[in-house]
2 protein chains.
Amino acid sequence: MKKRPTITDVAQAAGVSLMTVSRVVNDKPGVGEETRQRIRQLIEEMGYRPNEIARGLATRQTATVAIVVPDITNPFFAQIACGAEAVAFEKGYHLFLLNTAENTDREVAALDSLQQKEIDGVLLCSPRLPIDDLEATISQFAAVTLFNRELQNPLPNVAQININDVLGAQLAVQHFVASGRRRLALIAGPVTSTSGQRRIDGYRAGLRAAGLIFEPQAMEHCQPVTEGGRMATAQLLARRPKTDAILAFNDLVAVGAIQACEDSGRRVPDDIAVIGFDDIPLATIVRPHLTTLHIDLEEVGRLAMSKILEIIQQPDAPAHATHWIDPQLVIRDSA
Amino acid sequence: MKKRPTITDVAQAAGVSLMTVSRVVNDKPGVGEETRQRIRQLIEEMGYRPNEIARGLATRQTATVAIVVPDITNPFFAQIACGAEAVAFEKGYHLFLLNTAENTDREVAALDSLQQKEIDGVLLCSPRLPIDDLEATISQFAAVTLFNRELQNPLPNVAQININDVLGAQLAVQHFVASGRRRLALIAGPVTSTSGQRRIDGYRAGLRAAGLIFEPQAMEHCQPVTEGGRMATAQLLARRPKTDAILAFNDLVAVGAIQACEDSGRRVPDDIAVIGFDDIPLATIVRPHLTTLHIDLEEVGRLAMSKILEIIQQPDAPAHATHWIDPQLVIRDSA
DNA sequence: TGGCGCAACGTTAACGGTAACGAATTTTGT
DNA sequence: ACAAAATTCGTTACCGTTAACGTTGCGCCA
């Protein structure tokens, strides 16, 4: 690993001052065309690259954004990260990955450690952090985008991106009803999940719109994994055998629900229809292929990064409204 | 976002020079115990955090490592990233995420852009990059760990971590043979995959050890996804109907293989046994649960990060031998 | 012809730290 | 008791870059 040339080396080689080289590097005016070309060529020949650390110290901008996720192993967040990274790379930014392992203490510590890096912004996917900590965090950074959290009063340095869970659940109910199902049930996720709560709201709104009534015993909470979905569904079917449609909290839960249905001798979708949520890759691997609510998570990530770059590049712009991402019903084989 | 205090602010508040504060911050000797305590308290009160950018410029160490993966959306790499991030966080390091989207040009560009960031090391998961580019890249960075690539001559600044694919495939064959199967087949991955090549080698070695012969028509290459596995298996079964055991390139392919078996009226594992590779979460979601070769990928990530930190912290240590990670056969329902 | 304005460049001082060395002050050894 | 050695702290010079301001030199116009 040989030492890389500095801007001073280039300046000496070109017989000019380092400021002239700096102006060429940053495409700023104040350099004659001839000199500019000569320096450009020298930069190329010498393989000069500006040191981003030094630049960061001088400009207080590091061209770096962090993404904080509960679990990068979860494809849901991995896709968001993927979209965000793509835009960051396009725009010459770099992306720190922080994994909180679903642990609030670790999350606070991670956010704390980030301050020392003088990053330009944070993409925060933090379903669980208490609202106070959230607001404290936001005030520490120049720019933040919040995913699936709602702030009461919008701030100029914060963009918000939320999944329209209410709409998604409504679409699912609508599809059940349109295909003749009347005895719907909901396998909801964890009680604490914001997303889960909104999906319940949408489910109830959908029932209401169809003139059906919400029966509390036709809803079961569970852990957001396959096994949780299987157990919850088994319980629900035992309690309410005539159920003919299940909306699951997410695709993993939906797969568990299908398994429980099959275990009890029901055929999906003939006897009972199942709709999932998120459209993870698994949805087209299992059989029957899942009918589910598709969310373009890479697009969510791209949007999140674009928004934060807007804030970084024009910090004085007015506070932006929350972006709602509408899920789309993808009809496959399970409903 | 109010301005954070600098080391000079703390020094002035304490009535000492900034070097004294610097020594306290870095736990270096040369400061009296009383003064040290007083400064510690002031640091706490003022909420001082050293600016890592400035520190990076002065020390030429940024406490930052990058991980370059083909696709973070793939749980395989996500798990490695997760383990790497965990160790990085523990040790006070930060992690850049670079996603190459399986695109070699983008990978080269990404690696190039990283140089400007003066990072301390790179974790490179690059199955496809030509060996020349690989070596050129390595020479640009102070420390590198290479995942699943073999360098002919080890370098002092490079750690290598490889999956023992040969062993894994041997274990699978051994298990097939031990359970009475004799007509084995292999759904291999892409022809270009290093890992795939080694798994073929292990498969052949396993056959040899069991006194079976390798039949070229009992092997089929495919894309490393479910649909690829399904199609390749369908072809293979048509060509060689009496096959009673299939080793798949990975779990996704294994799921496709199972589907092809079921489509052709075969029951898994009664008529035909299937073993996957990698043990991704999907393995315990599909039915039958996959018998597969488990690789503790988070541990791989942790190891990769630990090794690179060793290199960073003592660059003069001798070149390290390649680490081989042994897969473990997890016997579930499919074989 | 002298003054003005502008283009093309250079100088200097940060940005917030750390390394290396130097200067006091205290402790130690004999 | 006094030199030598250690401890504690300060000074200075960077690290590589940019911002702000200076300095030329030249053309233009009254």
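Sequence lines set the chain letters: A, B, ... in the order given, protein chains first and strands last, and positions in each chain run from 1.
Across the protein-nucleic acid pair, B/I53 atom CD1 and D/dT18 atom C1' stand 15 Å apart, rounded to whole Å. For the pair B/E118 CD and D/dC15 P, the computed distance is 13 Å after rounding to whole Å. Between A/L18 atom CG and D/dC15 atom P there is a gap of 12 Å when expressed in whole angstrom units. Whole-Å rounding puts the A/Y48 OH to D/dT17 C1' distance at 7 Å. To the nearest angstrom, P of C/dC15 lies 19 Å from CD of B/E52. Atom CD in B/Q116 sits roughly 16 Å away from atom C1' in D/dT18 (whole-Å rounding). In this structure, B/R55 atom CZ and C/dG17 atom C1' are separated by 8 Å, rounded to whole Å. Atom-to-atom, CZ of A/R4 to C1' of D/dC15 comes out at 13 Å; the value is rounded to the nearest Å.
No engagement by A/V25 is indicated, since no non-hydrogen atom pair under 4.0 Å with the nucleic acid exists. Among the protein residues, B/P29 comes within range of no part of the nucleic acid, since none of its heavy atoms lies under 4.0 Å from any strand. Within 4.0 Å of B/G30, counting heavy atoms only, lies at least one base atom of the nucleic acid.
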Yes or no on side chain to side chain contact (heavy atoms under 4.5 Å, CB included) for A/L95 and B/L98, after CA distance, side-chain angles and deciding distance?
CA-CA 8 Å; A/L95 189 65; B/L98 282 288; over 6 Å; no
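Within the 4.5 Å cutoff, side-chain heavy atoms of B/Q152 are placed close to those of B/I131.
Contact annotation: A/T20 reaches the phosphate of C/dG10 (side-chain N/O to OP1 or OP2, under 4.0 Å). OP1 or OP2 of C/dA19 has at least one side-chain nitrogen or oxygen of B/K28 nearer than 4.0 Å. For C/dT18, the OP1/OP2 oxygens have a side-chain nitrogen or oxygen of B/S22 closer than 4.0 Å. For C/dT18, the OP1/OP2 oxygens have no side-chain nitrogen or oxygen of B/R60 closer than 4.0 Å. Contact between the side-chain N/O atoms of B/T6 and the OP1/OP2 oxygens of C/dG16 is not found at any separation under 4.0 Å.
In this structure, the nucleotide among D/dG16, C/dA20, D/dT18 sitting nearest to the side chain of B/M19 is C/dA20. Out of D/dG16, C/dC9, C/dG17, the shortest distance to the side chain of B/I7 is found at C/dG17. Each of D/dA19, C/dG17, D/dG16 was ranked by its minimum atom distance to the side chain of A/A54; first place goes to D/dG16.
To the nearest 0.5 Å, atoms CD1 (A/I80) and CG (A/L303) are separated by 11.0 Å.
A/E45 and A/Q41 share a donor-acceptor pair across their side chains, judged by distance under 3.5 Å alone. Side-chain contact check for A/S306 and A/K91: no donor-acceptor pair (N or O, by modelled atom type) lies under 3.5 Å. Under 3.5 Å, the side chains of B/R55 and B/N26 contain a donor-acceptor pair of N or O atoms.
For A/R106 and B/F89, the positive end sits near the middle of the six-membered ring, less than 6.0 Å away and at most 45° from its axis.
Each end of the helix from C/dT1-D/dA30 to C/dT30-D/dA1 gets its own axis from five base pairs, and the two axes differ in direction by 50°, given to 10 degrees.
Annotation: of the two residues near DNA chain C, B/N26 and B/R23, the 5′-most nearest-nucleotide partner is B/N26.
B/F147 and B/F76 have tilted rings, their planes meeting at an angle from 30° to 60° on a 0 to 90° scale.
Contacts between residues 33-47 of chain A and DNA chain D, counted as heavy-atom distances below 4.0 Å, involve no residue at all.
No donor-acceptor pair closer than 3.5 Å links the side chain of B/N164 to the backbone N or O of B/I325.
Checked against B/V69 for a side chain to side chain contact (heavy atoms under 4.5 Å, CB included), the options B/N74, B/T100, B/L97 give a single hit: B/L97.
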